[in-house]
**Q** 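Can you read through this structure? Questions will come right after.
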Amino acid sequence: MDIKQRTQIYKNLGSLVRKCIFGILSVATLPNHIAFIMDGNRRYSKQHNLVDGEGHKFGYSSLMSMLRYCYELGVKYVTVYAFSIENFKRSPEEVQSLMDLMQEKIEGLIKEESIVNQYGVRVYFIGNLKLLTKPVRLAAERAMDATAKNSKAVLSICIAYTSTDEILHSVEESCEEKRVKVGVLNGKRHEKDVIDVSDIERHMYMAVAPDPDIIIRTSGETRLSNFLLWQSSNCLLYSPSVLWPEIGFRHLVRAVLDFQHKLHYLNKQKQA
Ligand SMILES: CC(C)=CCC/C(C)=C/CC/C(C)=C/COP(=O)(O)OP(=O)(O)O
């Protein structure tokens, strides 16, 4: 048996094991939306004496595995924090190298054999896309157009994103909409016409997905770092102490079990 055949056997075996475990998890309520904060890519580079930027490449490959597991499990919505507005404060060399990686990987996302196409995933880029370099913005727009007809699952990639920026954007849009409506309807501004929570929610970049059930943040950190602050009030935070490139199937299973356990406990409390 050559190495290719052996690798294929291991892959098939892995997929069979996942199928069994996911079958068991599916007996209870599954999360509909999981979000990831992919923390620890540079530390992984340092720990393994890799050249700068290599950690993010390993991080991307972990992301692809995690997406496969989530879609196999039947999680419809996945959101990832790929690049925060704060990350623009890193050295110009690092920002450029991350932008180059993003461009390359975004282009890879829409290739025929990609996970996105295998699982019928619609991709959204979430954030202040005007802040991105032109090649990355164009790649993001192409990926959104190319996947617009996919409807089995949704991947939201938060890039040039912070939650406070999203809320500000949404409040501005809500005010503008109200101003225009009032102007059109009555011809003048009415002080009583105020915006409400539903207006703000409708104008959020993240209006494309329901609120997350679980946020997984690697490297043992329990901060949200300006990610989905509006959307995470009822969400479970799971923070395994591995770096993002080291995250694996077992961490997802553990997070889902924790989620199901908490849900079971909450339902019991409601019944009591
Ligand atoms: C197309 C697409 C979705 C690509 C995603 C690629 C990817 C893995 C991006 C992660 C970016 C990032 C700044 C992660 C945080 O780790 P860090 O750099 O802050 O590392 P540290 O926590 O060790 O400092």
Side-chain angles (χ1 to χ4, degrees), residues 34-68 70-71 77-111 114-117 119 121-127 129 131-133 135-144 146-147 153-163 205-206 208-209 215-228 239-248 251:
I34 303 186
F36 294 96
I37 302 179
M38 306 183 284
D39 206 15
N41 299 285
R42 289 187 298 188
R43 276 166 279 173
Y44 182 85
S45 251
K46 280 206 182 93
Q47 279 182 16
H48 293 80
N49 295 319
L50 302 172
V51 291
D52 288 346
E54 274 305 288
H56 292 104
K57 290 189 185 154
F58 280 96
Y60 180 78
S61 115
S62 292
L63 172 60
M64 292 303 109
S65 305
M66 206 41 72
L67 287 180
R68 179 181 299 285
C70 285
Y71 298 134
Y77 297 91
V78 175
T79 300
V80 295
Y81 204 1
F83 195 87
S84 126
I85 292 177
E86 293 299 310
N87 291 148
F88 282 112
K89 292 180 187 155
R90 293 185 179 183
S91 73
E93 297 74 34
E94 190 180 342
V95 172
Q96 190 53 50
S97 132
L98 276 165
M99 287 295 138
D100 291 345
L101 177 76
M102 294 288 173
Q103 187 192 342
E104 180 196 324
K105 299 303 183 191
I106 294 170
E107 282 162 2
L109 277 183
I110 51 174
K111 289 207 173 125
S114 73
I115 286 180
V116 160
N117 283 323
Y119 290 92
V121 181
R122 180 166 189 176
V123 179
Y124 289 100
F125 284 85
I126 302 290
L129 305 190
L131 298 177
L132 296 169
T133 58
V136 178
R137 195 173 62 248
L138 293 180
E141 284 166 2
R142 271 197 301 276
M144 286 195 275
T147 61
V154 170
L155 170 63
S156 304
I157 301 177
C158 297
I159 188 168
Y161 173 90
T162 58
S163 212
Y205 297 131
M206 277 303 292
V208 297
I215 292 180
I216 300 182
R217 178 173 188 158
T218 45
S219 71
E221 286 284 356
T222 48
R223 291 171 296 130
L224 284 178
S225 299
N226 218 337
F227 180 55
L228 305 184
S239 45
S241 20
V242 287
L243 303 175
W244 175 255
E246 297 163 339
I247 193 168
H251 301 108

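Since the model is a prediction, treat every value here as computed from it, not as a measurement. Whatever order the structure lists them in is the order used to number ligands and atoms, beginning at 1.
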**Q** Which residue, His48, Arg43, Lys46, forms the side-chain contact (heavy atoms from CB on, under 4.5 Å) with Leu243?
**A** Arg43
**Q** For the pair Thr79 (side chain) and Ala35 (backbone), establish whether a donor and an acceptor sit closer than 3.5 Å, ignoring hydrogens and angles.
**A** no
**Q** Taking atom types as modelled, find out whether Tyr124 and Arg122 have a side-chain donor-acceptor pair closer than 3.5 angstrom.
**A** yes
**Q** Look at the side chain of Ser163 and the backbone N and O of Phe227, then say whether any donor-acceptor pair between them is shorter than 3.5 Å.
**A** no
**Q** Applying side chain to side chain contact (heavy atoms under 4.5 Å, CB included), can you list everything that pairs with Asn117, at least two apart in sequence or on another chain?
**A** Ser114, Asn150
**Q** Hey, which of Val123, Leu155, Val121 is the one that makes side-chain contact (heavy atoms from CB on, under 4.5 Å) with Thr147?
**A** Val123
**Q** Select all protein residues for which some heavy-atom-to-ligand 1 distance is less than 4.0 Å, and list them by chain and number.
**A** Met38, Asp39, Gly40, Asn41, Arg42, Arg43, His56, Gly59, Tyr60, Leu63, Ala82, Asn87, Arg90, Met102, Lys105, Ile106, Ile157
